[in-house]
Structure formats: C-alpha cells, structure tokens
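Below is one structure, written out as structure tokens, with a few remarks after it.
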There are 2 protein chains.
Amino acid sequence: MSDCASCAVRCRAICASLAVDEAAELGRMGRRQRVKAGHTLLWEGDEAPTVANVLSGVLKLVVATADGREQIVGLVFPSDFIGRPFAKQSPYRVTAMTDAEVCIFNRQQFDDFAGRHPHLQQKLLHRTLDELDRARHWMMLLGRKSASEKVASFLLDMEERLPGDPGGGSGGFELPFGRQQIADILGLTIETTCRQLTRMRSDGLVDLPSRRAVRINDRARVAAMAG
Amino acid sequence: MSDCASCAVRCRAICASLAVDEAAELGRMGRRQRVKAGHTLLWEGDEAPTVANVLSGVLKLVVATADGREQIVGLVFPSDFIGRPFAKQSPYRVTAMTDAEVCIFNRQQFDDFAGRHPHLQQKLLHRTLDELDRARHWMMLLGRKSASEKVASFLLDMEERLPGDPGGGSGGFELPFGRQQIADILGLTIETTCRQLTRMRSDGLVDLPSRRAVRINDRARVAAMAG
DNA sequence: CGTGCACTTGACAGTCATCAACTTTGGTGG
DNA sequence: CCACCAAAGTTGATGACTGTCAAGTGCACG
C-alpha cells in the first residue's frame, strides 16, 4: 500500500482529482515500486499489464521493429501517468531512463475504480488529449523536419519540459539521457545527432559543458533553426 | 438542430453512449453541415473552435511548418470525432479530403454537456486512447521506416481502415485521396511515393487498376515488406 | 594507471529530395 | 462524339542529406 500523504506528486498527479476518502481507497490499491535505470516496466504486447503514476525519474515509451530499430514515442516525467487503461495489451514498451519510482496499480482494479469516479476519468481524458496533441506535433517533426531542425526543436522542447531545471532557466539544463536516446527520439542516428550538436556548439548557439548538460545561448536563433 | 433519428453513425459515434433523452438534448445542440472536398473546417490555432462528429466522408488532420511543409497527423472517418474538447485552440488544421457531412457542436456547450455525462466522457476517453496508440505507432513509421516500408505499411493500414470496402476485402479498395496526400501521410515526397507504388506493381505485389484503386495480391509479401 | 564505454570525428555510400520533362486522366465545350 | 485543356501522376537525371562503417578521443570507473 502506498503512503499517499508523503507522495511527492500528490498535487499534480491524476489522484489530485479525488476526495480524501476516495484517494485513500485508491491508495490501498497502489504499491510503490523502484525501477532501476534501463529496467523495463512493461513490454510491448504484454498481457494483463499494470498502470502507474510516476513519482520520480524519467521513463521512455518505445516502439520497435522486428529487426531492432527503436523509436521513442513518448517521455514520462514525475506526476505523469503510465500504461493503457481499458486495454489488455500494452501498445509499447515502457523503460526507465533513470532510476525511478512509480506507484503501481492493477489495471483491472484501476479500470473499475475509474469507472466509478468520473473526476478521475476526466483528468485522465485531459491528460490523454494533451499527450495526443504532443504526439501529433512530434509526427510533424519526424516526418518533415531536417536533422538540424529536429535537434533544435528537441533542445527547446527539453528546456521547457525538464523538471527541476537548476538555475531557473538561464543556467541551462541537464538531459536525463545520452546521445543514442536523443537519436531514438528524433528518428536519427547517433552520429547525425552528434554532428548537429557539435555544429550548434561551434556556431555559438549552445554550450555543452558536460556530456549531458546543455545551455542555450541564442534562443532566438535556435528557434529559427527549429523551423 | 440535427435529426439524430436519421443519423447514419448513430450506433457507432460517441452519442451511442447516451440514453434517449440525453441524446435528444445533445441533438438540440448539434447542427448538420456539409463540407466540400478541400474545404477547411478548423484552422491550426483557431480560437473558439467547434467539435463535431463525422457522418460521411474523410477528413485529414494537418500540421504545417511556417514554410509550407505539411504532415498529415490523422485521418478521420465516419463516426469519428473531430476537434479538441477542453482547449481554446485547435492544435491542427482539419480539412475535408472528400465531400463530407459533419454534426457540429459549440465546443463550450459540448464541454459542459460532457462534464454532466460521464458515459460520454468515458467513450471519448476510449477513443482518445485509441487515437494516441495509433499516433504513436505512426511515429515509429515516420521516424524509422524506409520509403518502401512506409508505403507497404500504408496500404495494409488503409485496406483495414477504409470503410465500405466494396467486394468484401478480396476485391481491393479505393483510396479517398491522391498521391500527394499519401506522401503527406508518410512523410515522403510525391515522387518517392509514386516510384514505390510503381515498383510494387511491377513486382506483382499489388494491382493499381485506376488512379485511386488498389488491390493487394500478395498480402504476406507486402506485410514482410512493411517491416 | 589502465580499461571500457560513451561520445566524436571522418570517409564513403545509399536513399530520398529536387528539378524537369513527359504521360495519362478526367472534364469541358465545340 | 471528339478535341482540347488542366490537373494529377509518372519517369528520369542529379545531388544533398543522412546513414553506415570505421577509427579515434575523452571521461568515469575500478
């Protein structure tokens, strides 16, 4: 059983839509679980999967071809929701990119609970609609943008979305993953991704103080570059 | 006001979740409207937009860059839902690909109504989750598949999704749009799309009896080609 | 201090976009 | 019914971009 009172994302997660007693009932169904970086929580096509809230860490949603190519189709941050309610199979793989902590529910139980709590469903609907908008805009990037536009768009998106940006925006930010993962997000190879970053650094658009740190120097030009 | 009793998609649209009197109330809010092929129903960034059910025809959801490149991010068929509930702006352009007929609602009114009718919201949630799954799988295609894989995947997807497949599956099907649109769906140019189709025809995988008609001869090989 | 892994850089090749010309289709009017 | 026209589709030549393969660098770890 989860200890909702101490939950770091209590205010932002879908649970926030519930009254105290309702939250308590849901809490009894949930279980906290740690996931190590690189560990997979849900496999594509998994039967009888679970759903979960993310408490900390970053996870990725991955779709892969038979021959091993991977495309990251979504990033999941703290307070975000994981899993596929109302379906027997998970449509994609969910893997932790950093050490993470999640609050897990049995899907069947969760579905039943959701059916009895319209507010929870409404929250879920809002989130799903937002995710759909994000996914569709990403489709534009994947289908129509060049490598340089992709990388520029990516950096702007990450600056905006990454939680706990230390230094408050002007101090740059720290990516929670490496070059290969960036490539898998953008539909590029690691080499192309790398070259674009190097060029942006030589052009003075960004600083790359360490492997995973990024600081955008000229936001206007990066935005122009993003198309 | 719509005449729900004569609605062609009454059983399949989200309205099907409502009781008779509820449906009547919703019906009083809706208005039937014809949209000609090529006409745009909703512009990206539109304020105060509407939502709608599709009664007949096919529409596309489009995201465009400033310099005019377009990516089709979704296709909308009869009984599908159009628009963005609970948001002020439409996140993408909605354009009719064929002559179409839709049942339009004022978004604000619809949102209010949905808030009072959990069953409708649940139906909407289910649909949105399905759309999200579809969009994410399409991201894999856009980001990681080659031109030939894209075209093969496209044909299989269309064969499955197209309504009113005359001849019951073995007789092939008729695309509701031209080559440029296929290219915009797949993130390719029209020339590349065309060449791939020509090659598939020469290889005997498909017949292309007319501009828009397709017949898959060797489904297994097309599926293998789709990756 | 050495080892391994992530990252970077380079050379080359293939795929797909671009530009251009040509063909077919479908519609219109004589 | 046929001729003509515009739009859609097809084909070809060429080149840019990005993927592939390979080697090298630098950082973190033991």
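The chains referred to below are lettered A, B, ... by the order of the sequence lines, with proteins before strands, and numbering in each begins at 1. As the structure is a computational prediction, the values presented were derived from the model and not from experiment. Values below: every heavy atom of this structure, side chains too, minus hydrogens, waters and symmetry copies.
The salt bridge (charged side-chain N to carboxylate O under 4.0 Å, His left out) check on Arg10(A) picks up nothing, with sequence neighbours excluded.
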Test side-chain contact (heavy atoms from CB on, under 4.5 Å) on Ile216(A) and Glu159(A); report intermediate values, then the result. CA-CA 9 Å; Ile216(A) 297 179; Glu159(A) 184 180 41; 3.6 Å; yes

Report the C-alpha separation of Ile72(A) and Gln181(A) in whole Å, then their side-chain angles, then the decisive distance to 0.1 Å, and conclude whether the side-chain contact (heavy atoms from CB on, under 4.5 Å) test is met. CA-CA 8 Å; Ile72(A) 295 180; Gln181(A) 315 273 6; 3.8 Å; yes

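For the pair Leu55(B)/Pro78(B), no side-chain contact is recorded, criterion being any heavy-atom separation below 4.5 Å from C-beta on. Proximity of Asn53(A) to Val102(A): side-chain heavy atoms (C-beta onward) are nowhere separated by under 4.5 Å. Contact annotation: the side chain of Lys150(A) never approaches that of Ile185(A) to less than 4.5 Å [non-hydrogen atoms, C-beta and beyond]. The side-chain heavy atoms of Arg211(A) and Arg179(A), taken from C-beta on, include no pair separated by under 4.5 Å.
Listed by first then second residue, pairs satisfying side chain to side chain donor-acceptor pair (under 3.5 Å) with a partner in residues 128-141 of chain A read Asp130(A)-Arg84(B), Glu131(A)-Arg136(B), Asp133(A)-Arg84(B), Arg136(A)-Tyr92(B), Arg136(A)-Glu131(B), not counting sequence neighbours. Residues in residues 70-81 of chain B take part in these side chain to side chain donor-acceptor pair (under 3.5 Å) pairs, two or more places apart or across chains: Glu70(B)-Arg93(B). For residues 52-86 of chain B, every residue pair satisfying the ring-ring contact (aromatic ring centres under 6.0 Å, His included) rule, not counting sequence neighbours, is listed here: His126(A)-Phe86(B), Phe81(B)-Phe110(B).
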Would you list the atom pairs, donor with acceptor, under 3.5 Å between side chains in residues 199-209 of chain A and any protein atom, with sequence neighbours excluded?
from, atom 1, to, atom 2, distance (Å)
Ser202(A), OG, Thr198(A), O, 2.6
Asp207(A), OD1, Asn217(A), ND2, 3.1

Distance-only donor-acceptor pairs under 3.5 Å for side chains of residues 33-45 of chain B, two or more places apart:
from, atom 1, to, atom 2, distance (Å)
Gln33(B), OE1, Arg31(B), NH2, 3.3
Thr40(B), OG1, Thr95(B), OG1, 2.9

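Within residues 65-75 of chain A, no residue has any heavy atom closer than 4.0 Å to DNA chain D. Within residues 183-194 of chain A, the residues approached by DNA chain D to less than 4.0 Å at the level of any non-hydrogen atom are Gly187(A), Leu188(A), Thr189(A), Glu191(A), Thr192(A), in residue-number order. Within residues 203-214 of chain A, the residues approached by DNA chain D to less than 4.0 Å at the level of any non-hydrogen atom are Arg211(A), in residue-number order.
Between the Glu149(A) side chain and the Ser146(A) main chain, a donor and an acceptor come within less than 3.5 Å of each other. The main-chain N or O of Ala226(B) is found under 3.5 Å from a side-chain atom of Lys145(B) such that the two form a donor-acceptor pair. Between the side chain of Arg107(B) and the backbone N or O of Val51(B) there is no donor-acceptor pair closer than 3.5 Å.
Here the closest heavy-atom approach between residue Leu75(A) and residue Arg161(A) is recorded as O-NH2, 3.4 Å.
An end-to-end axis angle of 40° holds for the helix from dC1(C)-dG30(D) to dG30(C)-dC1(D), taken from five base pairs per end and rounded to 10°.
Counting 5' to 3', DNA chain C first comes under 4.0 angstrom of a heavy atom of chain B and last does so at the ends given by dC16(C) to dT25(C). Where DNA chain D meets chain A (any atom under 4.0 Å from a heavy atom), the bounding nucleotides read 5' to 3' are dT18(D) to dG26(D).
If Arg195(B) and Gln180(B) are placed on DNA chain D by their nearest nucleotide, the residue sitting closer to the 5' end is Gln180(B).
Counted by atom type alone, Thr189(A) and Arg195(A) present zero donor-acceptor pairs between their side chains at under 3.5 Å.
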